[in-house]
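First up is the structure itself, then whatever we jot down about it.
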Amino acid sequence: MRFALVDHVRVAQTFAADADELVEKVRARSLSPLAGLSDRAFREGLSALRRDARAGYIAGPIVDRLDLVVFRAPSGSSGGAGRHPLGRTSPASGAA
């Protein structure tokens, strides 16, 4: 079963307005890449981040660049054939 690419959109998402907000978000350790760190490595990294923030090395806003990719299931699959999930008109619908 092959899926057809419908759309690929690059999205800029502000993660933190400034260095202080970044430190607070990292401190909460809610980011999945941080979950695998040992407590010691996390504390050392957080200390280094705080030092860099105080020194003015981190400019805000801090922006993530995400890729949103939408695929269409093959013909015969359920799920709104012809409708574009992002509100655009899909080529399969016959509309321009």
Side-chain angles (χ1 to χ4, degrees):
M1 191 190 280
R2 296 195 56 166
F3 291 90
L5 177 65
V6 174
D7 207 354
H8 175 202
V9 179
R10 294 215 162 109
V11 180
Q13 172 179 294
T14 301
F15 178 72
D18 55 32
D20 292 336
E21 185 178 353
L22 174 65
V23 168
E24 284 307 304
K25 287 187 172 189
V26 170
R27 185 186 66 75
R29 204 174 184 171
S30 60
L31 302 168
S32 58
L34 302 177
L37 294 177
S38 69
D39 289 342
R40 179 179 176 194
F42 178 77
R43 283 191 308 271
E44 290 173 359
L46 183 58
S47 292
L49 181 64
R50 285 179 172 146
R51 276 193 308 274
D52 287 350
R54 279 193 303 271
Y57 295 137
I58 303 170
I62 293 84
V63 177
D64 283 333
R65 301 210 187 317
L66 309 171
D67 289 300
L68 173 62
V69 184
V70 179
F71 295 95
R72 180 176 49 248
S75 297
S77 298
S78 62
R83 286 190 333 204
H84 190 290
L86 299 178
R88 299 179 184 161
T89 303
S90 122
S93 69

Can you hop from Leu46 to Tyr57 via hydrophobic side chains spaced under 4.5 Å?
-> no
Heavy-atom pair of closest approach, residues Leu22 and Ala16 | N-CB, 3.6 Å
So, do Asp67 and Arg10 sit near enough that their side-chain heavy atoms are less than 4.5 Å apart?
-> yes
What closest approach, in Å, do Phe71 and Val6 show between heavy atoms, and which atom pair accounts for it?
-> C-CG2, 3.8 Å
Side chain Lys25, main chain Phe15, donor-acceptor under 3.5 Å | yes
CZ-CG distance between Arg50 and Asp20, expressed to the nearest 0.5 angstrom | 10.5 Å
Which pair of heavy atoms, one from Val63 and one from Ala12, lies closest together, and at what distance?
-> CG1-CB, 3.9 Å
Hey, does Glu24 have a side-chain heavy atom less than 4.5 Å from the side chain of Glu21?
-> no
At what distance, to the nearest 0.5 angstrom, does OG1 of Thr14 lie from CG of Asp64?
-> 9.0 Å
With a 4.5 Å limit on heavy-atom distance, are the side chains of Asp39 and Arg29 in contact?
-> yes
Is Leu37 linked to Leu49 within one hydrophobic cluster, defined over Ile, Leu, Val, Met, Phe, Trp and Tyr using a side-chain heavy-atom separation of less than 4.5 Å?
-> yes
